[in-house]
Amino acid sequence: MSSPQDQPPLTPRPAATVMLVRDTPEGIAVFLMRRHSAMEFAPGVIVFPGGGVDERDRNTDIAWAGPPPQWWAQRFGIEPDLAEALVCAAARETFEESGVLFAGPADDPDGIVKDASVYGDARRDLADRTLSFADFLRRENLVLRSDLLRPWANWVTPEAERTRRYDTYFFVAALPEGQRADGENTESDRAGWALPHDAIADFAAGRNVLLPPTWTQLDSLAGRTVADVLAVERQIVPVQPLLEMRGDNWVFEFFDSDRYHEARKAGGFMGWPL
């Protein structure tokens, strides 16, 4: 009988995640959530808002303002239809999980929603999949503001992961003026703003759990301002870490894994909540 490791790797599911940032007197802050301990996948892990591409994010007539799907496709090195679905998923998931909405009035494409809380009912309908993001925008006479997002990174779950794999595209976006991030969702039990270097320090002190993609993106934000981040032209290169068993522990290997593992060991985090 063949073992699980003899089976072909799972096909990664496209996913989008958004690093929501704002300036503070102490430096740039990023919105982080802790996944609920009851979650089947990665319980207790610190994450950014995001999730898998929904079928209704694809091939949909979505109201759009800002760089078109072709622009995003070139930056991420993917096909335009997938790029459109990823931007849609990034905006939808951010709204569902944090209450922040990257949209503006259809009759004023330069405008931005100031108070997204008025769409609370739609937010709940989106989360339980009884409403699509395209239908929500159409009903409220809004357009997705893709220019509020920037491409940042692309990480693929290691082939050794046998539960589920994601091909995750990272975006970065400034908190729109007048809006607030609340983290009111069913997948996290804690949410709030943190300085990137504080979140990294907490990991090294054993006070939180950061998987390599999140740790790496936090490291890339540390010391910058929001203006710095939004002005960066990132070259997006897919990163797929190697996950292998060494002794009694699983170990990730990637381009900056030595630094990551130093922090991991300092914090006493030796297992993987996958």
Examine distances only and state if a side-chain atom of [X] and a backbone atom of [Y] form a donor-acceptor pair shorter than 3.5 Å.
| X | Y | result |
| --- | --- | --- |
| D167 | P12 | no |
| R162 | L10 | no |
| S146 | P67 | yes |
| N154 | F76 | no |
| Q217 | P213 | yes |
| Q179 | V113 | yes |

side-chain contact (heavy atoms from CB on, under 4.5 Å) filter on A127, not counting sequence neighbours, yields E96
Go through the structure and list residues passing side-chain contact (heavy atoms from CB on, under 4.5 Å) with D107, not counting sequence neighbours.
-> P105
Nearest 0.5 Å, please: how far is [atom2] in [Y] from [atom1] in [X]?
| X | Y | atom1 | atom2 | result |
| --- | --- | --- | --- | --- |
| L195 | T24 | CG | OG1 | 5.0 Å |
| Y260 | T216 | OH | OG1 | 8.5 Å |
| I200 | L221 | CD1 | CG | 8.5 Å |
| R164 | R13 | CZ | CZ | 9.0 Å |
| F203 | L211 | CZ | CG | 8.0 Å |
| Y166 | E161 | OH | CD | 9.5 Å |

In residues 48-58, what donor-acceptor pairs under 3.5 Å come from side-chain atoms, sequence neighbours left out?
residue: D54; atom: OD1; partner: R56; partner atom: N; Å: 2.8
residue: D54; atom: OD2; partner: R129; partner atom: NE; Å: 3.1
residue: R56; atom: NH1; partner: R129; partner atom: O; Å: 3.3
residue: R56; atom: NH2; partner: R129; partner atom: O; Å: 2.9
residue: D57; atom: OD1; partner: R92; partner atom: NE; Å: 3.1
residue: D57; atom: OD2; partner: D54; partner atom: N; Å: 2.8
residue: D57; atom: OD2; partner: R92; partner atom: NE; Å: 3.3
residue: D57; atom: OD2; partner: R92; partner atom: NH2; Å: 2.8

From V118, T94, L142, I112, residue fulfilling side-chain contact (heavy atoms from CB on, under 4.5 Å) relative to L101 | L142
Which atom pair, heavy atoms only, marks the closest approach of L82 to P14?
-> CD1-CB, 3.9 Å
If you look at every heavy atom in Q240 and V156, which pair is closest and at what distance?
-> OE1-CG1, 3.3 Å
Chi angles and distances behind the side-chain contact (heavy atoms from CB on, under 4.5 Å) call for L137, V143 = CA-CA 6 Å; L137 294 177; V143 295; over 6 Å; no
The ring-ring contact (aromatic ring centres under 6.0 Å, His included) partners of W193 (sequence neighbours excluded) come to F31
For R165, check salt bridge (Lys or Arg N to Asp or Glu O under 4.0 Å) against everything at least two apart and list the hits.
-> none
Between the side chains of D228 and T225, is a donor N or O closer than 3.5 angstrom to an acceptor N or O?
-> yes
side-chain contact (heavy atoms from CB on, under 4.5 Å) between L86 and I78, intermediate numbers included | CA-CA 10 Å; L86 286 165; I78 56 179; 3.5 Å; yes
Do the two ring centres, one from F136 and one from Y119, sit under 6.0 Å apart?
-> yes
Residues 229-239 side chain polar contacts: donor-acceptor under 3.5 Å, at least two apart:
residue: R234; atom: NE; partner: W152; partner atom: O; Å: 2.9
residue: R234; atom: NH2; partner: W152; partner atom: O; Å: 3.3

